[in-house]
Peer 1: 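I'd like to ask some things about the structure below.
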Amino acid sequence: MCPCCGGKLIDVPVLVMHGIDTWPALAAGSRAIAAHLPTSTLAPVPGEQHSTTADVLAAALRAFIKEN
């Protein structure tokens with residue numbers, strides 16, 4: 001049982017992303033979230049900061065959906 005979400009476990013695939021060139025605290029937050037979600041995939045995005053384009057997100061989402 002998960003204490004942080006009232007006992008409800010997340011049992012679906014979760015994609016956690018951050019730009020490799022983003023602020024260190026934001027990247028650390030993404031890693032922490034991924035570490036607490038057993039069904040997560042952490043995907044650092046090369047060449048991106050905190051903001052990105054729809055094309056970059058769409059490619060990552062298509063790959064994630066294909067794998068899951």
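Since we're looking at a predicted model, the values are computed, not measured.
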Peer 1: Could you list who else is in W23's hydrophobic cluster, with ILVMFWY side chains joined at under 4.5 Å, directly or through other members?
Peer 2: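 Noted: W23 shares its cluster with L26.
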Peer 1: So if you build clusters from Ile, Leu, Val, Met, Phe, Trp, Tyr with side-chain heavy-atom gaps below 4.5 Å, do L42 and I10 land together?
Peer 2: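 Looking at the clustering, I10 is in the same group as L42.
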Peer 1: Which atom names give the shortest non-hydrogen contact between T39 and V12, and what distance separates them?
Peer 2: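 Heavy atoms only, the tightest pair is OG1-O, 2.6 Å.
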Peer 1: Determine the minimum heavy-atom distance between H18 and S30, stating which atoms define it.
Peer 2: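 Taking H18 first and S30 second, the nearest heavy atoms are CB-OG, 3.4 Å.
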Peer 1: Find out if a path of hydrophobic residues (ILVMFWY) with successive side-chain heavy-atom gaps under 4.5 Å connects V45 to I20.
Peer 2: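 V45 does not cluster with I20.
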Peer 1: Locate the shortest heavy-atom distance separating S40 from A34; write the atom from each residue and the value.
Peer 2: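 The answer is OG-O, 2.8 Å.
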Peer 1: Answer yes or no: is there a donor N or O on one side and an acceptor on the other, between the side chain of T22 and the main chain of A27, under 3.5 Å?
Peer 2: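 Judged by distance alone, no pair lies under 3.5 Å.
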Peer 1: Do you know which two heavy atoms are closest between L15 and F64, and how far apart they sit?
Peer 2: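 Closest approach of L15 to F64: N-CZ, 3.6 Å.
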